[in-house]
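Computed over heavy atoms, backbone and side chain alike; hydrogens, waters and symmetry mates excluded.
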Amino acid sequence: MASTNSMLLNPSPPNLILLPLLLAFIFSSAFHPLSVTSFEFQVGDIDGWAVPPSNDSKIYNDWASENRFRVGDTIHFRYKKDSVMEVKESEYKKCNSTHPHFFSNNGNTVFKFQRPGPFYFISGAAGHCERGQRMIVKVMSDEDSKSGGGSGGSDGGSSASAAAVSFYGGVVAPLALSFIFFSLV
């Protein structure tokens, strides 16, 4: 133990170089708040993207208004024998699916938000949009997010899952580096 204590009290020149770098990294990383970079939202939660019950034709817009979407987030549509389209507002209002910006019918569609603003989704299956299988998603700008709009899903039964969290850089890496450094000293 005496040799270890003397090394800490009288560090060698290589350790003098590494110590300030390690301390700077630990403090900058440890005090960096954990941040979520994006979320994936499951449209329709466990029921997926399907024609809603006749008494609940606003189910998708209600769901979308309960969540906070940001640029970089994705929405996941699960469906059978159907499709999903992202269209203009006028096409959304008419349930017109002849000129979609985006179309998918693979039953497992992931759509990534690349910009803030409204996005209009409709089903491409005949009659489904008219029966309520459509949704407006409002994606917040960075300014909206910072001014209290928040990010992620609603509080109750959130349908969002964190896609990437900077946990390793913020907590685990500094602890591991300090362990390695002090085991070498």
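Put simply, the side chain of His76 does not reach to within 4.5 Å of the side chain of Val43, judged on heavy atoms. With a 4.5 Å cut-off on side-chain heavy atoms, Gln114 and Val71 do not count as touching. Within the 4.5 Å cutoff, no side-chain heavy atoms of Asp73 are placed close to those of Arg68. Under the 4.5 Å side-chain criterion, counting only non-hydrogen atoms from C-beta, Ile59 is not in contact with Asp62.
Put simply, OG on Ser65 and CE on Met135 are 11.0 Å apart, with the number rounded to the nearest 0.5 Å. The CZ atom of Phe69 sits 13.0 Å away from atom OG of Ser38, with the distance rounded to the nearest 0.5 Å. Here the straight-line distance linking atom CG of Asn67 with atom CZ of Phe41 works out to 5.0 Å at 0.5 Å rounding. Asp45 CG to Trp63 CH2: the interatomic distance, rounded to the nearest 0.5 Å, is 7.0 Å.
In this structure, the side chain of Glu91 engages the main chain of Lys88 through a donor-acceptor pair within 3.5 Å. Using a distance-only test at 3.5 Å, with no hydrogens or angles considered, no donor-acceptor pair links the side chain of Arg70 to the main chain of Pro116. Checking side-chain atoms of Ser57 against main-chain N and O of Ser54 turns up no donor-acceptor pair under 3.5 Å. No side-chain donor-acceptor contact under 3.5 Å links Asp47 to the backbone of Gly44. A distance-only check finds no donor-acceptor pair linking the side chain of Tyr120 to the backbone of Val137 [under 3.5 Å]. Here the side chain of Asn61 pairs a donor or acceptor atom with the backbone of Ile136 at under 3.5 angstrom. Arg78 places a side-chain N or O within donor-acceptor distance of the main-chain N or O of Ile46, the cut-off being under 3.5 Å.
Between Ala125 and Asp82, the shortest heavy-atom contact is CB-OD1, 3.5 Å. Between Glu86 and Phe119, the shortest heavy-atom contact is OE2-CD2, 3.8 Å. Residues Tyr60 and Pro52 share a closest heavy-atom pair of CE1-CD, 4.1 Å. Here the closest heavy-atom approach between residue Asn96 and residue Ile122 is recorded as O-CD1, 3.4 Å.
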Would Tyr79 and Ser123 satisfy side-chain hydrogen bond (donor to acceptor under 3.5 Å, both in side chains), going step by step from the backbone distance to the final call? CA-CA 10 Å; Tyr79 50 90; Ser123 168; over 6 Å; no
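Arg134 forms a cation-pi arrangement with Tyr92, by the criterion of a distance under 6.0 Å to the ring centre and an angle within 45° of the ring axis.
Taking the six-membered ring for Trp, Trp49 and Phe121 have ring centres at least 6.0 Å apart. Taking the six-membered ring for Trp and the full ring otherwise, Phe77 and Phe111 have centroids separated by 6.0 Å or more.
Residue pairs meeting the disulfide (SG to SG under 2.5 Å) criterion with at least one partner in residues 55-115, sequence neighbours excluded, are Cys95-Cys129.
Val110 and Phe102 sit in two unconnected hydrophobic clusters of ILVMFWY residues. Membership requires side-chain heavy atoms under 4.5 Å apart, directly or through other members.
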